[in-house]
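Here the structure comes first, spelled out in structure tokens, and everything after it is commentary.
Naming convention: chains lettered A, B, ... in sequence-line order (proteins, then strands); numbering from 1 in each chain.
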Amino acid sequence: MEDTITALATPPGEGGIAVIRLSGPESLQIAGRIFVNGKKERMVQFRDRYFNYGYILDHNKNLVDEVLLVYMKAPRTYTKEEVVEIHCHGGMIPVRKILDLLLKEGARLAQPGEFTKRAFLNGRIDLAQAEGVMDLISSKTEHAARASLQQMEGFLSKEIKAIRDDMLDVLARIEVTIDYPEEDIESLVEHEIRKRLCAARDKCKNLLESAHQGRLIREGIKTVIIGKPNVGKSSLLNALVRENRAIVTDIPGTTRDVIEEYVNIKGILVRILDTAGIRETRDLVEKIGVEKSREMTQDADLILFILDASQPLGKEDMEILQLLKDKQVLILLNKSDQPHVIDEEDIRSLTDSTILKTSMVDGTGLDQVENFIYNMVYSGRVEQKNPVMITNNRHKEALIRAERHLGEALEAMDASMPLDMVTIDIRNVWEALGEITGESLTENLIDRIFMEFCLGK
Amino acid sequence: MEFQAGKYDIIVTGAGHAGCEAALAAARMGMNTLVVALNLDAVALMACNPAIGGTSKGHLVREVDALGGEMGINIDKSFIQIRMLNTGKGPAVHSLRAQADKKKYQAEMKFTLENQKNLTLCQGEVEEIRTSGGRVCGVKLATGEVYSCRSVIVASGVYLKSRIIIGEYSVDSGPNGLFPANRLSENLKDLGFRLQRFKTGTPARVNKKSLDFSKMIIQPGDPRVYPFSFLNKPIEREQVPCWLTYTNERTHQIIRENLHRSPMYSGVIEGIGARYCPSIEDKVVRFHEKMSHQIFIEPEGLHTNEMYVQGMSSSLPVDVQIAAYRTIPGMEQVEIMRPAYAIEYDCIDSTQLKLSLESRNIEGLFLAGQINGSSGYEEAAAQGIIAGINAVQYIRQEEPLILDRSDAYIGVLIDDLVTKGTPEPYRMMTSRAEYRLLLRQDNADMRLTEKGYRIGLVEEERYQKLCTKQETIQRELEKLRNAVIPPSEWVNEYLEDKGSSPLKSGIQLYDLLKRPEISFSDIIKLGETTEQIQPEIQVQLEIHAKYDGYIQKQLKQVEQFKKMEKLKIPRDLDYSNITGLKTESMQKLQKMQPENIGQASRISGVSPADISVLMVYLEKRRREKRSNEA
Ligand SMILES: Nc1nc2c(ncn2[C@@H]2O[C@H](COP(=O)(O)OP(=O)(O)OP(=O)(O)O)[C@@H](O)[C@H]2O)c(=O)[nH]1
Ligand SMILES: [Mg+2]
């Protein structure tokens with residue numbers, strides 16, 4: 001039995017409407033689990049080839065998007081399988097969310113050209129028609145890869161190529177002493193290898209960071225506001241959104257659920273989440289507060305941690321600071337219009353994060369918050385004017401793997417593994433980075449060995 | 001005049017390193033086998049260096065031995081020096097290398113052939129391979145004998161239309177003044193083979209009495225001798241040293257001044273030489289910044305004063321050779337007994353073979369060794385044994401033995417030759433093997449002996465030895481895992497002495513062995529219960545404990561690799577029917593007829609996109625077939 005696949009069927013970008021397609025035996029069941037009709041009721045029956053108006057809801061019954069859903073019964077479909085199409089709004093955010101939900105419900109992300117491949121395999125289109133498909137598949141693997149490499153304005157590809165070249169050189173130098181132990185070839189000393197592996201790893205890290213920045217530009221910065229009750233979280237959200245989106249009162253615990261809003265800050269899409277305050281209950285104070293913060297900030301790109309400067313620091317404030325140590329955090333000393341109790345220096349000793357004084361009453365520091373967000377995206381080395389989704393993801397995945405293999409190589413060296421073992425990891429690095437160009441290692445390596453060294457009888 | 005001279009199952013042409021293994025394998029598997037060699041004095045001739053093994057080549061010898069071949073046993077009988085190379089590196093790249101007594105090596109091999117049941121050895125020149133209906137049916141010798149047979153293995157080495165070149169002088173000749181085989185080339189062309197011309201060379205042999213060893217550095221053998229063959233126990237033998245010396249600026253100057261007299265540079269030689277086997281003139285030209293090159297002086301045997309001058313291969317005229325050799329420390333008075341020469345010869349385009357080493361065009365015709373574009377004795381022997389086995393399988397109408405890249409260096413070698421072809425004489429290297437850590441020389445028996453046993457080449461004794469070895473390893477591993485050593489003053493003192501951290505609580509011996517600074521001999525000293533274990537078992541236990549992480553990594557890679565190898569492509573698939581393939585790829589695939597998707601993906605020029613197209617096509621075909629059957 002075939003599995004059910006899904007993918008965005010329209011070109012990715014900021015078009016008005018996007019179509020997400022599902023194909024496979026489970027298509028309708030999967031889509032049916034996240035779709036409700038105009039009256040927000042679940043549907044049991046879908047008519048064949050009929051537009052259904054309704055909404056997509058996430059697992060917490062939150063509205064994701066307003067959509068049209070079409071069910072097409074097998075076999076009179078493009079793939080000859082059960083097909084569902086969801087027409088939603090064209091931005092990357094709804095599309096991604098809906099795809100995520102479908103994947104969670106059991107669909108699998110289709111490979112490039114897979115719908116057409118199924119159409120072909122199921123006899124829906126003949127070989128002549130399939131020619132177009134094959135072009136598509138080839139374009140994904142070869143030309144597209146090369147073309148988008150060029151589109152990356154040469155930066156990423158050049159960097160990757162440089163790392164690969166260096167790894168190839170390290171490999172050749174290790175390999176030559178293995179295959180020609182009796183030749184008088186100067187072997188690479190361990191600390192030199194280590195140095196080059198570290199440098200390569202740093203480069204991968206930097207590149208990943210830039211990929212991350214590219215994503216931030218496209219998909220928005222997930223920003224979570226946290227802090228104790230009544231410190232001014234909702235006030236901050238309202239100030240950034242420039243309208244009264246969240247209810248503000250002086251009663252601690254006003255905000256119950258998470259409120260989510262999108263704002264445009266200096267041309268950058270920011271997705272802000274206002275949360276319920278982290279409350280002190282009598283016993284389990286720290287535990288609950290800290291746990292909750294951990295959960296909420298898990299995949300945040302930026303955390304705005306608000307403290308009420310007119311109140312003393314709580315114990316769990318310190319705990320949370322500790323917890324957020326490795327994250328991108330901006331600390332706001334709010335209510336700066338009031339007499340200070342917290343000394344900025346006290347906090348500075350606990351964290352490396354930027355600290356700003358703000359007041360939601362007189363607007364102090366709001367500009368600085370906006371500048372901080374802008375700089376976070378644009379301070380990096382890259383400004384990707386034309387990022388291509390697929391290539392980007394591929395690069396990213398390859399880089400993540402390369403970085404991991406580099407880490408493994410360094411670990412192995414620390415554990416005094418022989419160098420010929422470490423080459424296994426270095427080969428992996430080279431191959432991970434080379435998947436885009438499809439070059440074969442062995443031949444390159446052999447060529448390099450003979451180019452550089454004088455060997456033989 | 002032709003005459004019917006007899007009938008055999010299998011005929012092997014050539015009795016070099018490939019031919020000997022092929023013939024022995026065939027005869028041992030019960031086939032009536034005839035070996036026709038140009039000159040019976042040249043059986044198993046080591047035409048170039050007097051050594052067997054070395055990095056990756058040592059692996060090949062072990063693999064041939066594990067399958068039931070002869071090379072390992074034969075070098076064990078005839079070595080005069082032996083060394084394990086790369087012992088400072090990981091176990092995957094340890095390699096055995098032996099200096100052979102060339103004459104003894106030849107005599108022992110010839111005698112083994114002569115005494116082998118089912119095997120006939122005769123001198124002659126095969127000039128024609130006869131076929132009927134696209135299938136091999138016999139051979140004809142230049143002297144008129146016609147033998148009928150069911151399969152032929154061509155292992156003609158470098159003798160096809162070979163030509164020797166020394167400076168301005170050249171002559172049609174095989175190595176060492178032996179006759180060339182001029183007729184078989186034409187016949188192979190008629191049979192549809194594409195021929196190419198390769199070139200190799202050998203340095204001069206010099207008289208030991210004319211050398212001053214006091215100016216050279218001695219290179220002795222290892223004090224402890226591991227044999228090549230898994231059948232042999234450690235061997236006690238007195239060893240003969242090699243000597244190391246260096247070229248210098250004067251040597252290089254003489255060569256540079258005489259380059260115009262070198263046939264390589266004047267264009268007389270058309271054959272393609274190997275990058276790893278450059279002549280001294282190549283080295284001087286290509287690596288002009290290098291002030292000196294290493295020269296190893298190696299003995300050719302116990303009963304000769306001829307010495308091989310490794311590093312001084314050349315095709316320069318003899319007067320230049322003499323002048324250049326005499327600039328080298330210790331060689332000031334050198335007396336050249338046989339000058340260095342270059343040799344050109346015909347070989348086939350190896351992509352015309354199947355992975356079984358059978359020709360794609362003619363059933364029952366197998367080719368092995370340098371005729372396939374490889375170089376080296378070990379590479380030849382490895383192909384020889386596989387060709388021998390598969391000729392037998394062909395006659396038995398059984399599946400051929402195909403080792404893949406994760407099974408053996410032999411698999412890497414044959415896959416490279418058959419799938420990629422080779423633009424220069426092909427030499428094995430450990431860096432060609434992707435799964436090197438699994439393909440060690442110490443476990444060749446555990447990888448291959450069972451396979452050899454199942455097809456009937458490995459005899460009972462060898463197989464039982466393997467079984468015992470494997471059981472012992474399992475048992476001892478168990479013991480190491482169960483034995484816990486508690487911390488004690490004595491133990492911790494011992495560990496600290498070894499630069500290892502002391503124990504805080506009890507630890508399994510197995511985990512202790514994982515520490516890089518702890519060897520098995522330490523375990524024996526620390527774990528009082530561990531009784532004396534054979535060294536070859538110790539090696540296995542140590543590798544198991546120390547490198548398991550990496551072994552697991554490689555096993556995962558192999559799993560990925562095997563997935564693609566398992567996707568078989570039907571025989572005689574018509575690729576011109578497949579829409580979507582690039583024209584160039586379509587032509588290549590059509591010509592190569594890869595046996596599986598993995599092999600198809602390794603053909604140069606075939607892109608991942610072509611592979612997707614091919615996979616889609618095969619899947620569709622499979623479904624159609626299934627629905628037709630239903
Ligand atoms: N003086 C002063 N008051 C402020 C400032 N920011 C917020 N407040 C007041 O503090 C009170 C709480 O503000 P909220 O924004 O509701 O605080 P919150 O953190 O969202 O509170 P919960 O949702 O209850 O956790 C309100 O009365 C605000 O007007 C500030 O900068 N200065
Ligand atoms: Mg609030």
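- Looking at heavy atoms from C-beta onward, B:M429 lies out of side-chain contact with A:E175 at the 4.5 angstrom threshold.
- Salt-bridge annotation for B:E434 and A:R427: absent, with no side-chain N of the basic residue lying under 4.0 Å from a carboxylate O of the acidic one.
- One N or O on the side chain of B:K89 and one on the backbone of A:T177 form a donor-acceptor pair closer than 3.5 Å.
- When heavy atoms are compared at a cutoff of 4.5 Å, B:E517 does not approach chain A at all.
- Ion pairing of B:R83 with A:E182 is present here, as a side-chain N (NZ or NE/NH1/NH2) and a carboxylate O approach within less than 4.0 Å.
- Considering every non-hydrogen atom in both B:Y550 and A:E408, the closest pair reads OH-O, 4.2 Å.
- Heavy-atom distances place both the backbone and the side chain of A:I178 under 4.5 Å from chain B.
- Between the side chain of A:D179 and the backbone N or O of B:T55, no donor-acceptor pair lies under 3.5 Å.
- Heavy-atom distances place no part of B:R515 under 4.5 Å from chain A, backbone and side chain included.
- Scanning all heavy atoms of the two residues, the minimum distance from A:D420 to B:R436 falls at O-NH2, 3.4 Å.
- B:P516 approaches A:S416 most closely through the heavy-atom pair CG-OG, 4.0 Å.
- Going from atom OH of B:Y547 over to atom CD1 of A:I424 covers 11.0 Å, rounded to the nearest 0.5 Å.
- B:Y435 does not touch chain A: none of its heavy atoms, backbone or side chain, sits under 4.5 Å away.
- Put simply, of B:I295, B:T202, B:V93, B:L85, the one with the most heavy-atom pairs under 4.5 Å next to chain A is B:V93.
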